[in-house]
Protein chains: 2
Amino acid sequence: MSGFVGHFTNRIDAKGRVSVPAPFRAELARDGYDGLFCIAVPDLGTIDAGGNALRETLDRHIAQFEPLSFDHNYLSTALLGLSEQLRIDADGRISLTDTLKEAAGIDAQVTFVGQGFKFQIWTPERFAEHRAEALRRVQSLRRGAGAPSSGPDGGGHT
Amino acid sequence: MSGFVGHFTNRIDAKGRVSVPAPFRAELARDGYDGLFCIAVPDLGTIDAGGNALRETLDRHIAQFEPLSFDHNYLSTALLGLSEQLRIDADGRISLTDTLKEAAGIDAQVTFVGQGFKFQIWTPERFAEHRAEALRRVQSLRRGAGAPSSGPDGGGHT
DNA sequence: TGGGATATCATGGAGTCCTATGGGCGTCAA
DNA sequence: TTGACGCCCATAGGACTCCATGATATCCCA
């Protein structure tokens, strides 16, 4: 269970394609998922991506509600309806949809960031900020600023 | 076990036909259902659609009530009255009935929204509103401590 | 240990296939 | 007869397949 680890920056070509880092592809293959499951994270301006492990996490949340209830409906709309199922071509590339690109502000390059059971897709610029913010939070935590954060990037795992 | 995922907007042609998105058709084929089962959802102003998985969910829902009870009777009558069995033509298109179109306020375009075991058919306008509400609810879920974390970083979609 | 051979990977491009969409035509029923 | 419907074909644009290339990392053997 190695999961997605490390970060890689790749270029988007003229046809809108970008290579998924080989280690991530290997992990997806291990996971047995066909394609790449992606969902925008509006609060962070990034994209969550992964395979079965990510899907199962979302499905578990949805499964808490009665299948035909309003809650179930809203949750599955937000988590499944607003997500995208991308195909990975023979060369290991994906084509991000306009919706996803817009949600993450992506244009020419993307940074893939491993997060264990899933990974994120950022613009290099936003990831740099996000990373700096993450470090700041960890530092203030060290100074004993208060309760352990449960907010975005509360320290990442590993 | 991919289910219906993602959302697609297609046009209704002069003859009242509209293409079912290819990924959804593939899922219906996997599900082994011939045609498309549709049922209006008056409370939301949309249409639920799917194959065997949706049928079975409805059946289970009805089965919660005593077979000879009034509740069972009303519920099955209501559901049967609101449902339609549509044919999918050789080009992957359906023709929505007037009843269904009216229930969802459909005229020129429709948006198909995946929800796992089923999908919904909206007007693009109504879906935009519904989508905003769905995102709001997911956000408050995230902030409310209640839902289980989708990961150690808390940045997931809870 | 060094250097060449090999494998892997990201990237670019050409061509083919698929999909959504529009329209024609025959059939059946009102 | 007329309109709704099922079936067929046409097409433009996008999506996917396949092939080529350069760069980098890895391995093997002298």
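Chain naming here is simple, since letters A, B, ... match the order of the sequence lines and numbering starts at 1 in each. What you see is a predicted model, and the numbers here were worked out from it, not measured in a lab.
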Any idea which of C:dG12, C:dG22, C:dA20 is nearest the B:R25 side chain?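 For the B:R25 side chain, the nearest candidate turns out to be C:dA20.
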
Name all pairs fulfilling the side-chain hydrogen bond (donor to acceptor under 3.5 Å, both in side chains) condition that reach into residues 81-96 of chain B, sequence neighbours left out, sorted by first residue then second.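 Listed once each, the pairs are B:Y33-B:Q85, B:E84-B:T97, B:D91-B:R93.
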
Could you give all pairs that pass the side-chain hydrogen bond (donor to acceptor under 3.5 Å, both in side chains) test and reach residues 108-117 of chain B, with sequence neighbours left out?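 Qualifying pairs: A:N73-B:Q115, A:T77-B:Q115, B:T9-B:T111, B:Q115-B:K118, B:Q115-B:Q120.
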
Please state whether the base of D:dC19 and the side chain of A:D91 form at least one donor-acceptor pair under 3.5 Å?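 Such a pair exists between side chain and base.
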
Specify the separation, in whole Å, of atom [atom1] of [X] and atom [atom2] of [N].
X     : N      : atom1 : atom2 : result
B:R11 : C:dG23 : CZ    : P     : 11 Å
A:D13 : D:dC18 : CG    : P     : 18 Å
A:D89 : C:dC9  : CG    : C1'   : 13 Å
A:L86 : D:dA15 : CG    : P     : 11 Å

Return the angle between end axes of the helix from C:dT1-D:dA30 to C:dA30-D:dT1, with five pairs used per end and rounding to 10°.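 Helix axis angle between the two ends: 30°.
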
Under 3.5 Å: donor-acceptor pair, side chain of A:H7, backbone of A:V113: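 Pair absent, no side-chain N/O of A:H7 close to backbone of A:V113.
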
Close N/O contacts between protein and nucleotides 26-30 of chain C (under 3.5 Å):
none

Kindly determine whether B:E133 and B:R136 satisfy salt bridge (Lys or Arg N to Asp or Glu O under 4.0 Å), including the steps that lead there. CA-CA 5 Å; B:E133 174 65 19; B:R136 257 197 306 279; 2.6 Å; yes

Pick one: which of B:D107, B:L96, B:T123, B:V110 meets side chain to side chain contact (heavy atoms under 4.5 Å, CB included) with B:K101?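 Single side chain to side chain contact (heavy atoms under 4.5 Å, CB included) partner of B:K101 among B:D107, B:L96, B:T123, B:V110: B:L96.
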
Can a side chain N or O of B:R93 be found less than 4.0 Å away from OP1 or OP2 on C:dT19?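 No, because none of the side-chain N or O atoms of B:R93 sits under 4.0 Å from OP1 or OP2 of C:dT19.
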
Establish, with yes or no, whether the OP1 or OP2 oxygen of D:dG6 is under 4.0 angstrom from a side-chain nitrogen or oxygen of B:R87.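 Yes, B:R87 has a side-chain N/O under 4.0 Å of OP1/OP2 on D:dG6.
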
Answer with yes or no whether the side chains of A:S19 and A:R11 bring together a donor and an acceptor at under 3.5 Å.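 Short answer, no.
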
Measuring centre to centre across the rings, with the benzene-like ring taken for any Trp, is A:F70 within less than 6.0 Å of A:F65?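 No, ring centres 6.0 Å or more apart.
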
Sub-6.0 Å ring centroid separation between A:F4 and A:F117: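 No, the ring centres sit 6.0 Å or more apart.
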
Criterion side-chain contact (heavy atoms from CB on, under 4.5 Å) on B:F112 and B:V18, from CA distance to verdict: CA-CA 11 Å; B:F112 297 84; B:V18 62; 4.2 Å; yes

Any base atoms under 4.0 Å from A:N10, or only sugar-phosphate, or nothing? Heavy atoms, all strands.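 Counting heavy atoms under 4.0 Å across all strands, the contact made by A:N10 is with sugar-phosphate only.
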
Tell me whether B:L54 is reachable from B:I62 by hopping between hydrophobic residues (I, L, V, M, F, W, Y) whose side-chain heavy atoms are closer than 4.5 Å.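 Yes, because B:I62 and B:L54 connect within a single hydrophobic cluster, where side-chain heavy atoms sit under 4.5 Å apart.
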
Check the interface with nucleotides 14-18 of chain C: list each N/O to N/O pair with the protein under 3.5 Å, or write none.
residue : atom : partner : partner atom : Å
C:dA14  : N6   : A:K15   : NZ           : 2.5

Listed by chain and number, what are the ring-ring contact (aromatic ring centres under 6.0 Å, His included) partners of B:H130, not counting sequence neighbours?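 Only A:Y74, B:W122 meet the ring-ring contact (aromatic ring centres under 6.0 Å, His included) criterion with B:H130.
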
